[in-house]
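Following: one structure in structure tokens, then a few remarks.
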Amino acid sequence: MKKFWKILIICVVALGVMAVTCPGKQRHVDAGVKYMSKALHKQAKTIEKTYKEQHNNQEMPDEGKQLMNQLQESLISQMKPAVENVLVVKNYVLFSVGQFVNETDGATTMSVGFLGMVFPNKKELKPNLNLNYN
């Protein structure tokens with residue numbers, strides 16, 4: 001009987017920790033923006049590599065790199081408000097689910113969060129962002 005109470009207490013404490021650390025909307029937004037920012041940086045590296053291959057191992061001009069960086073910064077600064085507008089976070093006490101909701105496709109799960117961490121759904125995000133890298 002003592003063993004039963006120990007297991008029960010451990011389970012209650014574990015569930016309590018999960019409930020207290022359940023991430024909210026802001027964490028889901030930050031995780032989505034971070035994932036998309038990394039995707040943009042990887043795409044920029046791919047563009048630089050392609051340029052180098054097509055121009056006999058010649059580096060991309062500084063003007064081109066600066067333009068790409070400015071475009072990235074501009075897109076990243078606009079991502080957060082855009083994600084906040086379309087992301088709906090459902091809190092299930094022990095975990096939360098972030099969904100992009102639109103009228104044509106309905107709800108698409110973009111992230112899952114528990115224990116204070118948010119994990120982007122790469123299976124959904126990669127095709128939606130048209131990412132061609134591994």
Side-chain angles (χ1 to χ4, degrees):
M1 194 65 163
K2 237 182 186 184
K3 193 174 188 178
F4 169 77
W5 287 109
K6 285 180 183 179
I7 292 172
L8 182 64
I9 290 171
I10 290 171
C11 288
V12 168
V13 169
L15 291 173
V17 168
M18 287 180 74
V20 169
T21 60
C22 183
K25 182 174 181 171
Q26 193 58 48
R27 286 232 175 140
H28 283 270
V29 169
D30 292 343
V33 169
K34 182 179 177 182
Y35 180 81
M36 289 185 271
S37 298
K38 283 183 180 180
L40 278 175
H41 291 299
K42 286 183 180 182
Q43 289 290 60
K45 293 292 182 192
T46 302
I47 291 169
E48 285 183 43
K49 182 180 174 186
T50 302
Y51 181 91
K52 196 172 183 179
E53 289 171 357
Q54 292 178 350
H55 293 87
N56 300 325
N57 282 337
Q58 192 176 24
E59 291 291 327
M60 182 183 276
D62 288 339
E63 295 84 12
K65 288 181 182 179
Q66 287 175 348
L67 179 61
M68 258 192 336
N69 287 337
Q70 288 173 346
L71 286 170
Q72 286 178 35
E73 289 173 17
S74 174
L75 286 170
I76 290 168
S77 69
Q78 294 174 16
M79 269 187 225
K80 193 169 186 174
V83 171
E84 285 175 342
N85 287 336
V86 295
L87 187 72
V88 174
V89 176
K90 295 184 178 180
N91 188 333
Y92 296 103
V93 181
L94 301 179
F95 65 96
S96 56
V97 176
Q99 297 178 321
F100 285 152
V101 179
N102 65 38
E103 294 173 7
T104 55
D105 298 333
T108 305
T109 301
M110 291 297 155
S111 58
V112 176
F114 61 94
L115 291 176
M117 298 176 288
V118 177
F119 303 96
N121 183 355
K122 294 176 184 177
K123 263 188 167 177
E124 287 293 332
L125 286 172
K126 249 184 155 174
N128 288 337
L129 295 172
N130 294 320
L131 302 178
N132 299 320
Y133 61 86
N134 292 327

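The first residue in the sequence is number 1, and the count goes up from there. Hydrogens, waters and symmetry mates are skipped; everything else that's a heavy atom, side chains included, is used.
For Ser96 against His28, the heavy-atom pair with the smallest separation is OG-NE2, 2.7 Å. Among all heavy-atom pairs drawn from Ala31 and Val118, the shortest one is CB-CG1, 3.6 Å. Between Leu94 and Phe114 the shortest heavy-atom distance is O-CB, 3.8 Å. Taking every heavy atom of both residues into account, Tyr92 and Val97 meet most closely at CE1-CG2, 3.9 Å. When all heavy atoms of Arg27 and Met117 are compared, the closest pair comes out as NH1-N, 4.4 Å.
By the rule that hydrophobic residues join a cluster once side-chain heavy atoms approach within less than 4.5 Å of another member, Val33 and Val112 end up as members of separate clusters. Met36 and Leu71 end up in different hydrophobic clusters when Ile, Leu, Val, Met, Phe, Trp and Tyr side chains are linked at under 4.5 Å.
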Could you go step by step and tell me if His41 and Ile76 meet the side chain to side chain contact (heavy atoms under 4.5 Å, CB included) rule?
CA-CA 10 Å; His41 291 299; Ile76 290 168; 4.0 Å; yes
Side chain to side chain contact (heavy atoms under 4.5 Å, CB included) assessment of Gln43 paired with Gln72
CA-CA 10 Å; Gln43 289 290 60; Gln72 286 178 35; over 6 Å; no
Hey, mind stepping through Lys49 and Glu53 against side chain to side chain contact (heavy atoms under 4.5 Å, CB included) and telling me if it holds?
CA-CA 6 Å; Lys49 182 180 174 186; Glu53 289 171 357; 3.4 Å; yes
Side chain to side chain contact (heavy atoms under 4.5 Å, CB included) assessment of Met110 paired with Gln99
CA-CA 5 Å; Met110 291 297 155; Gln99 297 178 321; over 6 Å; no
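With sequence neighbours excluded, the residues that form a side-chain contact (heavy atoms from CB on, under 4.5 Å) with Asp30 are Gln26, Lys80.
For Ser74 (side chain) and Gln70 (main-chain N/O), no donor-acceptor pair under 3.5 Å exists by modelled atom type.
Here CG of Leu40 is found 13.0 Å from NZ of Lys38. Values are rounded to the nearest 0.5 Å. Expressed to the nearest 0.5 Å, how far NZ of Lys65 lies from CE of Met68 amounts to 8.0 Å.
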Donor-acceptor contacts under 3.5 Å from residues 10-25 side chains, at least two apart:
| unit_1 | atom_1 | unit_2 | atom_2 | d |
| --- | --- | --- | --- | --- |
| Thr21 | OG1 | Val17 | O | 2.8 |
| Lys25 | NZ | Glu84 | O | 2.9 |
| Lys25 | NZ | Leu87 | O | 3.1 |

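Looking at Val83 and Phe100, their side chains come closer than 4.5 Å, going by heavy atoms from C-beta outward.
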